Amino acid sequence: MLNNIGPVGFLLIAVVVLVLFGRGKVSSLMGEVGKGITAFKRGVKEGNEEIEKASAEAARDVTPEADKDKA
């Protein structure tokens, strides 16, 4: 359904949204969308760091102290 919408269709939709909601409302909405995207990216980055930290912790040396002296 959305495959048939071209650049002119998107422009028409943007103009209708701008007329219906006004410039101020649309700009504040886009600001909130930007903040949401930023928060999402930050969460993904923190999640990846947490996973890497957990995998590094799991891969640490777990050889008993008594066996380390023999090597």
Side-chain angles (χ1 to χ4, degrees):
M1 181 175 155
L2 292 176
N3 294 338
N4 297 336
I5 299 175
V8 176
F10 282 119
L11 183 61
L12 181 63
I13 291 170
V15 168
V16 169
V17 167
L18 189 60
V19 168
L20 289 176
F21 295 109
R23 188 180 69 168
K25 189 73 169 178
V26 171
S27 67
S28 67
L29 178 66
M30 290 298 112
E32 292 299 321
V33 168
K35 289 178 186 176
I37 291 171
T38 303
F40 177 76
K41 286 182 179 181
R42 187 179 318 118
V44 168
K45 181 180 177 187
E46 290 173 357
N48 286 340
E49 289 173 354
E50 186 175 322
I51 290 171
E52 288 175 4
K53 182 179 177 183
S55 66
E57 195 172 294
R60 71 178 190 273
D61 187 17
V62 292
T63 307
E65 291 294 325
D67 291 342
K68 286 183 182 179
D69 294 334
K70 295 177 183 177

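Computed from a predicted structure; not experimentally measured. We count residues from 1, following the sequence as given.
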Report summary line: For Leu11, the other hydrophobic cluster members (4.5 Å side-chain criterion, sorted by chain and number) are none

Query raised in the report: More than 12 non-hydrogen atoms from neighbouring residues, nucleotides or ligands closer than 6.0 Å to CD on Glu49, yes or no?
Result: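 Result for CD/Glu49: enclosed.
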
Is there a path of hydrophobic side-chain contacts, each under 4.5 Å between heavy atoms, that joins [X] and [Y]?
| X | Y | answer |
| --- | --- | --- |
| Leu12 | Val8 | no |
| Ile37 | Phe40 | no |
| Val26 | Leu20 | yes |

Requested in this report: Quick one: which residue pairs count as a salt bridge (charged side-chain N to carboxylate O under 4.0 Å, His left out) with a foot in residues 24-42, not counting sequence neighbours?
Outcome: Glu32-Lys35

